Amino acid sequence: MAQLWGGRFTKEMDKLVYEFNASISFDKKFFEQDIEGSIAHVVMMEKQGILTCEEKDAIVKGLTGIRKDVEDGKLSITEEYEDIHSFVEANLIERIGDTGKKLHTGRSRNDQVALDMKLYIRSEVVQIAENLKDLLETLLSIMEKNLTTYMPGFTHLQKAQPTTLAHHMGAYFEMFKRDVLRLEDIYKRMNYCPLGSGAFAGTTYPLDRAYTSALMGFEGPTLNSMDAVADRDYVIEFLAALSTIMMHLSRFSEEIIIWNSNEYRFVEIDDGFSTGSSIMPQKKNPDIAELVRGKTGRVYGALMSILTTMKSLPLAYNKDMQEDKELTFDAITTVKNCLTLFHGMLSTMKFNQKIMEESATKGFTNATDAADYLVNKGVPFRDAHGIIGQLVLYCIEKNCSIDALSIDELKNFSPLFEGDVYDTISLKTCVEKRLTMGAPSKKAMEEVIRINKEFLAHIWVVERY
Ligand code: ARG
């Protein structure tokens, strides 16, 4: 049991109590961030005359030595320490002697852990945005190849109006684009450095907080030392953004599962991303899509957990906040794995264009356009809606589509029908006449693709480097 305190205690700590309190088993993930923050802290302290140049050099050398030894596997982070901060400090003192004891001058574990968590999440925000960027690129290339791949669009999971595969994929493009923008927002809002806030009331040492912040790429120091150690809003916002990503992936997975079913056969998931059944030899199951859908709950759980942990905490730091870590780490791993696997599944998936198009010609997806045909001839929309409703009923009985009826049959429903109706309600016309911004016609989609290519070329994760 190695901890940073003990002076005022008269009893040895019970083993169970110690283990319950310790966080090294999970905060060891912060190892690099902890060293980075400590180096920035001592460099600043030397500039401010709190440490001598020799002391600073000895501490930095000690810290970089510890980092290298851990990286090379010569030193392992064992659970005999209470947390990662204790591990680093104890090892430093062991290496460089009493000078190491000066590392924690003007600092508390409260501002230290707030810094470590921020540095960690900040880098994950960037990595996840990069994963999203890969997915966006694949979506855009599927869109470009399928501008005239006609398919039915659905509402209430019933065929509604015809659209294109490019248009359908474009909907997901917009969702994941918002996810990237959300991460960018979070990055900007959270990018203020809590180090130098001490336990909660700052410190009497002449720290230059702006300097430390700049050393670690922050926009500036946080402006209230009490808030700085008590704030986990950025964890909540981040987990909310991850939950939204998972919600989008889950909806997409659900559609892929439906489209991959024997009834639809709109897509075929590659063998590499499918699994078999132990009993039914004919089966090829969409397990990856199902798992992505299923893992969404885990990530929502992390968000609920941190919201609940924070909801009644008095200011400033409370140990409850140690609970922010394990679930956040689990959510990060889950989202990254899901994004990688989903991307792999999507980029190898086969789209059955012919089956999609055939399906679009059935199910009266052109009924709205047939009604619009009559409206253009002067029939009020509500009446046209009624006429086409009766027409659809007639077709259901005859088991045929509207355009399979003869002109005489059509005229029985309205004398306004002429020969040009067939072209007006053809699949192609139905789609290509929808020219409004954001609609599925090739022309409208080409403009959207142009705008989204621009977006990808200047995407925030790219511009940062
Ligand atoms: N393990 C703690 C956490 O994760 C670090 C901060 C501890 N601070 C304290 N005063 N005990 O939140």
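Atom set for the values below is all heavy atoms of this structure, side chains included, hydrogens, waters and symmetry mates excluded. Every value quoted in this text rests on a predicted model; they were computed, and no experiment measured them.
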Next item on the list: For R95, look at atom CZ and say whether over 12 heavy atoms of other residues, nucleotides or ligands are found less than 6.0 Å away.
Entry: yes
Notebook entry, point to check: Counting heavy atoms not belonging to K377, are there more than 12 under 6.0 Å from its NZ?
Noted result: yes
Notebook entry, point to check: Any side-chain donor paired with an acceptor under 3.5 Å for R109 and S86?
Noted result: no
Item checked: M175 and M247, any side-chain heavy atoms less than 4.5 Å apart -> no
Checklist line | Exercise: do E432 and Y150 side chains pair donor with acceptor under 3.5 Å | finding: yes
Note to self: Quick test of your reading of the model: are K133 and E130 salt-bridged, counting only N-O distances below 4.0 Å?
What the structure shows: no
Margin query: Any side-chain to backbone donor/acceptor pair from K284 onto S274? Under 3.5 Å, distance only.
Written below: no
Margin query: Applying side-chain hydrogen bond (donor to acceptor under 3.5 Å, both in side chains) to K433 and T424, what does each step give before you reach the verdict?
Written below: CA-CA 9 Å; K433 271 188 134 176; T424 309; 5.4 Å; no
Checklist line | Side-chain ion pair, D185 and R182, N-O less than 4.0 Å | finding: no
Checklist line | Cationic tip of R209 above F218 ring, under 6.0 Å, 45° of axis | finding: no
Next item on the list: For E323, look at atom CD and say whether over 12 heavy atoms of other residues, nucleotides or ligands are found less than 6.0 Å away.
Entry: no
Checklist line | Charged tip of K29 within 45° of Y120 ring normal and under 6.0 Å | finding: no
Note to self: So if I apply the side-chain contact (heavy atoms from CB on, under 4.5 Å) rule between T328 and each of L242, L303, I236, I121, which one comes out positive?
What the structure shows: I121
Notebook entry, point to check: Under the 3.5 angstrom rule, does the side chain of T64 hit a backbone N or O of V60 as a donor-acceptor pair?
Noted result: yes
Check: Does D57 come within less than 4.0 Å of K61, counting only side-chain N to carboxylate O?
Finding: no
Notebook entry, point to check: What heavy-atom pair brings A228 and T222 nearest, and what distance separates the two atoms?
Noted result: CB-OG1, 3.3 Å
Next item on the list: Answer yes or no: is there a donor N or O on one side and an acceptor on the other, between the side chain of D69 and the main chain of I66, under 3.5 Å?
Entry: no
Check: Looking at M151 and L165, what are the two nearest heavy atoms and their distance?
Finding: SD-CA, 3.6 Å
Check: Do the side chains of R293 and F252 get nearer than 4.5 Å, heavy atoms only?
Finding: no
Notebook entry, point to check: Where the side chain of Q322 meets the backbone of N21, is there a donor-acceptor pair that is under 3.5 Å apart?
Noted result: yes
Notebook entry, point to check: Is the closest side-chain donor-acceptor distance between T275 and D287 under 3.5 Å?
Noted result: yes
Check: So do F273 and S347 actually touch side chain to side chain, heavy atoms under 4.5 Å?
Finding: no
Next item on the list: Specify the closest pair of heavy atoms between T361 and S401, including all atoms of both residues, with the distance to one decimal.
Entry: O-CB, 4.1 Å
Check: Taking NZ, NE, NH1 and NH2 as the nitrogens, is one of them in K188 or E184 under 4.0 Å from a carboxylate oxygen of the other?
Finding: yes
Note to self: Please check if the number of heavy atoms outside F455 that lie under 6.0 Å from its CZ is greater than 12.
What the structure shows: yes
Notebook entry, point to check: Heavy atoms, side chains only, cut-off 4.5 Å: are I142 and L346 in contact?
Noted result: yes
Note to self: For H41 and Q112, which I'm curious about, is there any donor-acceptor pair between the side chains at under 3.5 Å?
What the structure shows: no
Item checked: D420 CG: over 12 foreign heavy atoms closer than 6.0 Å -> yes
Check: Do any N or O atoms from the side chain of T429 and from the backbone of D423 form a donor-acceptor pair under 3.5 angstrom?
Finding: yes
Note to self: Does either side chain, that of D369 or that of Q161, offer a donor lying less than 3.5 Å from an acceptor on the other one?
What the structure shows: no
Next item on the list: Compare all side-chain heavy atoms of L405 with those of C395 and state whether any distance is below 4.5 angstrom.
Entry: yes
Notebook entry, point to check: Is the number of heavy atoms from other residues, nucleotides or ligands under 6.0 Å of I451 CD1 greater than 12?
Noted result: yes
Notebook entry, point to check: Is the side chain of D72 donor-acceptor paired with the backbone N or O of K74 at a distance under 3.5 Å, no angle test?
Noted result: no
Notebook entry, point to check: Hey, is the main chain of A316 close enough, under 3.5 Å, to the side chain of N318 for a donor-acceptor pair?
Noted result: yes
Margin query: Tell me the closest heavy-atom pair linking K350 and N352, and the distance in Å.
Written below: NZ-OD1, 3.5 Å
Check: Can you find a side-chain donor-acceptor pair between H104 and R107 that sits under 3.5 Å?
Finding: yes
Note to self: Quick check: closest heavy atoms across A367 and I402, and the distance to 0.1 Å?
What the structure shows: CA-CD1, 4.1 Å
Check: Hey, is the main chain of G198 close enough, under 3.5 Å, to the side chain of D111 for a donor-acceptor pair?
Finding: yes
Next item on the list: Compute the centroid of each ring, for F26 and then for F329, and state whether the two points are separated by less than 6.0 Å.
Entry: no
Check: Do K442 and E446 sit within salt-bridge range, that is, some charged N less than 4.0 Å from a carboxylate O?
Finding: yes
Check: Can you tell me if D330 uses its side chain to pair, donor with acceptor, with the backbone of E326 under 3.5 Å?
Finding: no
Next item on the list: Please examine the side chains of V88 and I35, heavy atoms only from C-beta on, and report whether any two atoms are closer than 4.5 Å.
Entry: yes
Note to self: Could you check whether any side-chain heavy atom of E255 comes within less than 4.5 Å of a side-chain heavy atom of F154, counting everything from C-beta outward?
What the structure shows: no
Check: For the residue pair Y373 and Y422, is the inter-centroid distance of their aromatic rings smaller than 6.0 Å?
Finding: no
Next item on the list: Would you kindly say whether H343 and T138 are connected by a side-chain donor-acceptor distance under 3.5 Å?
Entry: yes
Item checked: side chain to side chain contact (heavy atoms under 4.5 Å, CB included) between M190 and E237, worked out -> CA-CA 9 Å; M190 74 179 281; E237 286 191 45; over 6 Å; no
Checklist line | Backbone of G301 reached by a side-chain donor or acceptor of S305 within 3.5 Å | finding: no
Margin query: One thing to verify: whether K325 and D27 come together as a salt bridge, which I'm taking to mean a side-chain N less than 4.0 angstrom from a carboxylate O.
Written below: no
Check: Which of these, I332, L339, T334, sits in a side-chain contact (heavy atoms from CB on, under 4.5 Å) with K336?
Finding: I332
Note to self: Any non-hydrogen side-chain atom of L115 less than 4.5 Å from a side-chain atom of C193?
What the structure shows: yes
Next item on the list: Return the minimal non-hydrogen interatomic distance between S225 and F200, and the atom names on each side.
Entry: OG-O, 2.7 Å
Checklist line | R265 atom CZ: more than 12 heavy-atom contacts under 6.0 Å | finding: no
